[in-house]
Amino acid sequence: MVTEVEAYGGVDDPASHASRGPTNRNQAMYLGPGHLYVYRIHQVVCANLVVGPEGHPAAVLIRGGVPVEGDRTMARRRGRADHLADGPGKLCQALGITIDDDGLRLDEVSGVWLEPGEPPDAIESTPRIGISRATERPWRFTFQP
DNA sequence: GGATCGATCATC
DNA sequence: ATGATCGATCCA
């Protein structure tokens with residue numbers, strides 16, 4: 001269950017990897033809705049679901065979640081029994097998402113899919129984590145499961 | 001070709 | 001609060 005996400009835009013969002021136009025790294029952000037933008041940071045990968053139309057970069061960074069099922073698989077991939085998906089890098093490791101999944105459509109990534117769930121009672125909105133520009137925009141969204 | 005800087009994590 | 005540690009990016 002995804003509990004924490006952040007929104008990133010294009011040239012209009014100074015904190016976005018697409019703020020300075022297309023590069024080799026961020027090309028997946030331009031592929032259109034349903035694609036995965038996976039990038040490497042500090043020996044770890046983070047996954048975004050692209051939501052903007054083709055040619056117009058906008059994506060949702062999946063920052064965290066709690067296991068609903070498959071705890072055992074996640075624990076094996078993580079190499080520990082706790083902190084399975086409480087961070088963007090940990091979530092990718094737990095779900096088996098790698099840099100090779102960058103640019104794929106979500107339905108092309110084996111073992112990973114999206115399902116609708118019950119809308120949470122209250123969603124909190126705060127500034128995004130780990131960025132140095134546009135820090136005032138409250139584009140991080142979380143809820144308590 | 002070299003310097004800089006992270007959309008992080010784990011542990012102190 | 002801090003260090004690990006290496007790509008992508010940027011500027012010569």
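From a predicted model like this one, the values you see are computed outputs, not experimental measurements. Order of the sequence lines sets the chain letters (A, B, ...), proteins ahead of strands, with each chain counted from 1.
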Side-chain N or O of A:Thr23 less than 4.0 angstrom from OP1 or OP2 on C:dT9? yes
Is it the case that B:dA7 (base atoms only) and A:Tyr39 (side chain only) share a donor and an acceptor within less than 3.5 Å, ignoring hydrogens and angles? yes
Send over the distance from A:Arg20 CZ to B:dT4 C1', rounded to a whole Å. 12 Å
Atom OH of A:Tyr37 and atom C1' of B:dA7 are separated, to the nearest Å, by 8 Å
Over all strands shown, is A:His83 touching base, sugar-phosphate only, or nothing at heavy-atom distances under 4.0 angstrom? nothing
With a sphere of 6.0 Å drawn around CD of A:Glu136, does it hold more than 12 non-hydrogen atoms of other residues, nucleotides or ligands? yes
Rounded to whole Å, please give me the gap between CD in A:Glu4 and P in B:dT8. 10 Å
Quick one: label A:Arg25 by what it contacts on the DNA or RNA (base, sugar-phosphate, nothing), any heavy atom closer than 4.0 Å. sugar-phosphate
Count I, L, V, M, F, W, Y as connected when their side-chain heavy atoms are under 4.5 Å apart, and connections chain through other members. Are A:Leu36 and A:Leu61 then in the same cluster? no
Side-chain heavy atoms nearer than 4.5 Å, only ILVMFWY residues, links allowed to pass through others: does that put A:Val109 and A:Val45 together? yes
So which nucleotide from B:dC9, B:dG6, B:dA7 ends up closest to the side chain of A:Leu61? B:dA7
What nucleotide, of B:dA7, B:dT8, C:dC10, holds the atom closest to the side chain of A:His42? B:dT8
With A:Arg128 as the cation and A:Tyr8 as the aromatic partner, state whether NZ or CZ is under 6.0 Å from the six-membered ring centre and within 45° of the axis. yes
From the options C:dC6, B:dT8, B:dA7, select the nucleotide whose nearest atom is closest to the side chain of A:Gln43. C:dC6
How about CG on A:Asp121, more than 12 heavy atoms from neighbouring residues, nucleotides or ligands closer than 6.0 Å, or not? no
Write down the distance between CZ (A:Arg40) and C1' (C:dT9), rounded to a whole number of angstrom. 17 Å
Evaluate the side chain to side chain donor-acceptor pair (under 3.5 Å) criterion for residues A:His17 and A:Tyr37: first the C-alpha distance (whole Å), next the side-chain angles of each, then the deciding distance (0.1 Å), finally the verdict. CA-CA 10 Å; A:His17 286 174; A:Tyr37 167 45; 2.7 Å; yes
Select one nucleotide: of B:dC9, C:dT5, C:dT9, the one nearest the side-chain heavy atoms of A:Pro88. B:dC9
Could you tell me whether A:Glu6 contacts a base, only the sugar-phosphate backbone, or nothing, with contacts defined as non-hydrogen atoms closer than 4.0 Å? nothing
Rounded interatomic separation in angstrom, taking CG from A:Asn26 and P from B:dG6: 16 Å
Write down the distance between CZ (A:Arg63) and C1' (B:dT8), rounded to a whole number of angstrom. 8 Å
Atom CD1 of A:Ile129 and atom P of B:dC9: how far apart are they, to the nearest Å? 11 Å
By nearest nucleotide on DNA chain B, pick out whichever of A:Ala59 and A:Lys90 is the more 5' one. A:Ala59
Taking Watson-Crick and G-U wobble pairs with both distances under 3.5 Å, convert DNA chain B into its dot-bracket string, 5' to 3', dots for unpaired and | for cross-strand pairs. ||||||.||||.
Which part of the nucleic acid, if any, lies within contact of A:Arg140, taking any heavy atom under 4.0 Å across all strands shown: a base, the sugar-phosphate backbone alone, or nothing? nothing
Any donor-acceptor N or O pair under 3.5 Å, side chains A:Arg78, A:Gln93: yes
Minimal heavy-atom distance between A:Val38 and A:Thr98, with the atoms involved, is CG1-O, 3.7 Å
Sugar-phosphate, base or nothing in reach of A:Ile131, heavy atoms under 4.0 Å: sugar-phosphate
Regarding the side chain of A:Ser132, the nearest nucleotide among B:dA7, B:dG6, C:dC6 is B:dG6
Atom-to-atom span, CG of A:Asp86 to P of B:dC9 - whole angstrom: 8 Å
